[in-house]
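Structure first, then comments.
Below, chains carry the letters A, B, ... as their sequence lines are ordered, and counting in each starts from 1.
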2 protein chains.
Amino acid sequence: MTDALWHRQTFVEKLHAVGGRAYHDKHPFHLAMNEGLLSPEAVRGWVANRFYYQRNIPLKDAAILSNCPVLDVRRIWIHRILDHDGTGTRRGDLQSAQSTEISAAGKPRLINEGGIEAWMRLGEACGLSRADVIEDRHLVPGVRFAVDAYVNFARAQPWPIAIASSLTELFAPDLMSARLAAFERFYSWIDAPGLDYFRRRVTQARRDSDEALEITLEYCNTPELQREAVRALEFKCDVLWAMLDAIHHAYPGSETAAPR
Amino acid sequence: MTDALWHRQTFVEKLHAVGGRAYHDKHPFHLAMNEGLLSPEAVRGWVANRFYYQRNIPLKDAAILSNCPVLDVRRIWIHRILDHDGTGTRRGDLQSAQSTEISAAGKPRLINEGGIEAWMRLGEACGLSRADVIEDRHLVPGVRFAVDAYVNFARAQPWPIAIASSLTELFAPDLMSARLAAFERFYSWIDAPGLDYFRRRVTQARRDSDEALEITLEYCNTPELQREAVRALEFKCDVLWAMLDAIHHAYPGSETAAPR
């Protein structure tokens, strides 16, 4: 007896169910973070380690581009790299894509600085130097291994499966909103503009996951690919979870100050 | 005795010398093409086969992106993918980057259709159907092998070496200008707008090669990397030459109609 092709709605539900049981919002470290129980040192450690993930995301997305012969999919996917890397100021043809938004501090800011730079500013707002962050001075091995595994997955797997692995974004907007509220409430020692990354990702993650879900539903179109897509999303949840395990071990007891 | 680091000017001269001896503008098929000696069938064969190169260029460039941890380099390099794939019309944030130019036919055209689509229009202007081109119906094995070797090179080599391999663009503007003039003169059965790809590449190739040369000079910064860069450019010349060998064999005698 072979597996049957899932109907679209069933497939979507299977994907959402992965988040329900395995997304890292349920990790003890993440729960502690959103409950305001982290020391400043632990917050800094999380930010510095998570930067390694951020800096590798464009490499992961470029690997997907490089494996994808479908032009229409590439036209959609490339925006992720532009969003993360920013567009810089060197060339004229993309400068018209620049526009301004009002940051939490009320100052207009170019939106094309990119997510990596925004995360860097979060690090600085937490008290990390740019050198601390860029040179991975606080990076723990388990985080490096997990992130590298994710990039290698995107390089080695068929591109629709690699795209399916990105679907943790389905669960990200809620997490980002909760995290933003928690940081504003519990970690007010971090300047508000430092939280711009979280603000922008609420919107971006929703748009990105809509696109990734559509591509997954269209191109993971055999019973085998559907199941592979679910496993890819489980793998990605494992990556995020293992990162928090490693960070948690590096900052033990950071959440014990105020047990419930 | 170990090799010494070349001075910048010497390195540039070594790179240019590769084009002088190995660039495909000197291939018999290319000479015949620019002398107006190709039959319509041979022109179509060249266009259809060369499309396989065009369609793979973004995958090659994405492989370089995926291997490059330097954000500033990625911000430069990603424009190549946008130039080739075009930006489409789906998302709002890049639509402001659209502008119009006047095509040879006097009609305004969105410049963001991308190089692949422009080449497709060349194919149609030559009498190929889109299906002929998209489905690689005229693709000969030697062209496939050469192009695939180029993409694999970009995936496997250190990114500065892969970038150096793209420096055939140093020699492209002259070739594009000569090719454009030859097509307008000898192959006037091809509608002028079909030649837009050549027109745009005169400018793009100059800008692209300026950028690629700067990156090569900066990052191929050891004696070993400098020599490797020269070999990479020789390899790329081999790719282009082998493509023409294969096309020439598929359309034998196409240049014998009017021997000089």
Side-chain angles (χ1 to χ4, degrees), chain A residues 52 54-99 111-117 120 134 136 151-152 154-156 159 203-204 207-208 210-211 214, chain B residues 52 54-99 111-117 120 134 136 151-152 154-156 159 162 203-204 207-208 211 214:
Chain A
Y52 188 72
Q54 304 296 337
R55 81 183 320 167
N56 276 282
I57 289 300
L59 307 189
K60 179 271 295 181
D61 285 318
I64 291 172
L65 272 194
S66 181
N67 288 331
C68 175
V70 183
L71 190 146
D72 288 341
V73 171
R74 291 201 304 271
R75 281 184 175 175
I76 293 168
W77 209 256
I78 198 169
H79 290 272
R80 292 166 175 258
I81 303 177
L82 295 168
D83 286 346
H84 253 74
D85 279 347
T87 50
T89 55
R90 178 149 177 254
R91 296 267 298 258
D93 51 359
L94 269 181
Q95 289 185 22
S96 57
Q98 288 183 354
S99 62
I111 60 170
N112 74 337
E113 65 171 350
I116 292 174
E117 177 60 26
M120 180 76 77
I134 290 174
D136 297 324
V151 176
N152 288 332
R155 291 201 169 119
W159 63 268
T203 311
Q204 281 183 353
R207 183 207 55 198
D208 288 353
D210 285 349
E211 293 175 345
E214 279 308 312
Chain B
Y52 188 72
Q54 304 296 337
R55 81 184 319 167
N56 276 283
I57 289 301
L59 307 189
K60 179 271 294 181
D61 286 317
I64 292 173
L65 271 194
S66 180
N67 288 331
C68 176
V70 183
L71 190 146
D72 288 341
V73 171
R74 291 201 303 270
R75 281 183 175 176
I76 293 168
W77 209 256
I78 198 169
H79 290 273
R80 290 166 176 259
I81 303 177
L82 295 168
D83 287 344
H84 253 73
D85 279 347
T87 50
T89 55
R90 180 151 176 252
R91 298 262 299 252
D93 51 358
L94 270 181
Q95 288 186 21
S96 55
Q98 288 183 354
S99 63
I111 61 170
N112 74 338
E113 65 172 348
I116 292 175
E117 177 59 27
M120 181 75 79
I134 290 174
D136 297 325
V151 176
N152 289 332
R155 292 203 168 119
W159 63 268
T203 312
Q204 281 183 354
R207 182 206 57 199
D208 287 354
E211 293 174 346
E214 279 308 313

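Only the side chain of A/Ile116 comes within contact range of chain B, with heavy atoms under 4.5 Å apart.
Ranked by heavy-atom pairs under 4.5 Å with chain A, the first of B/Leu71, B/Asp72, B/Asp61 is B/Leu71. Between chain B and the residues A/Leu65, A/Ile64, A/Asn56, the largest count of heavy-atom pairs under 4.5 Å involves A/Leu65. Annotation: maximal heavy-atom pairing with chain B below 4.5 Å, among A/Ala63, A/Ala62, A/Ser66, occurs at A/Ser66.
Nearest heavy-atom pair across A/Arg74 and B/Leu59 is NH1-CD2, 3.7 Å. The minimum heavy-atom distance linking A/Glu113 with B/Arg75 is given by the pair O-NH2, 3.1 Å.
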Next on the checklist: Applying side chain to side chain contact (heavy atoms under 4.5 Å, CB included) to A/Arg155 and B/Asn67, what does each step give before you reach the verdict?
Outcome noted: CA-CA 10 Å; A/Arg155 291 201 169 119; B/Asn67 288 331; 3.5 Å; yes
Next on the checklist: Quick one, A/Ile78 with B/Leu82, criterion side chain to side chain contact (heavy atoms under 4.5 Å, CB included). Give me CA distance, side-chain angles, the key distance, then yes/no.
Outcome noted: CA-CA 8 Å; A/Ile78 198 169; B/Leu82 295 168; 3.7 Å; yes
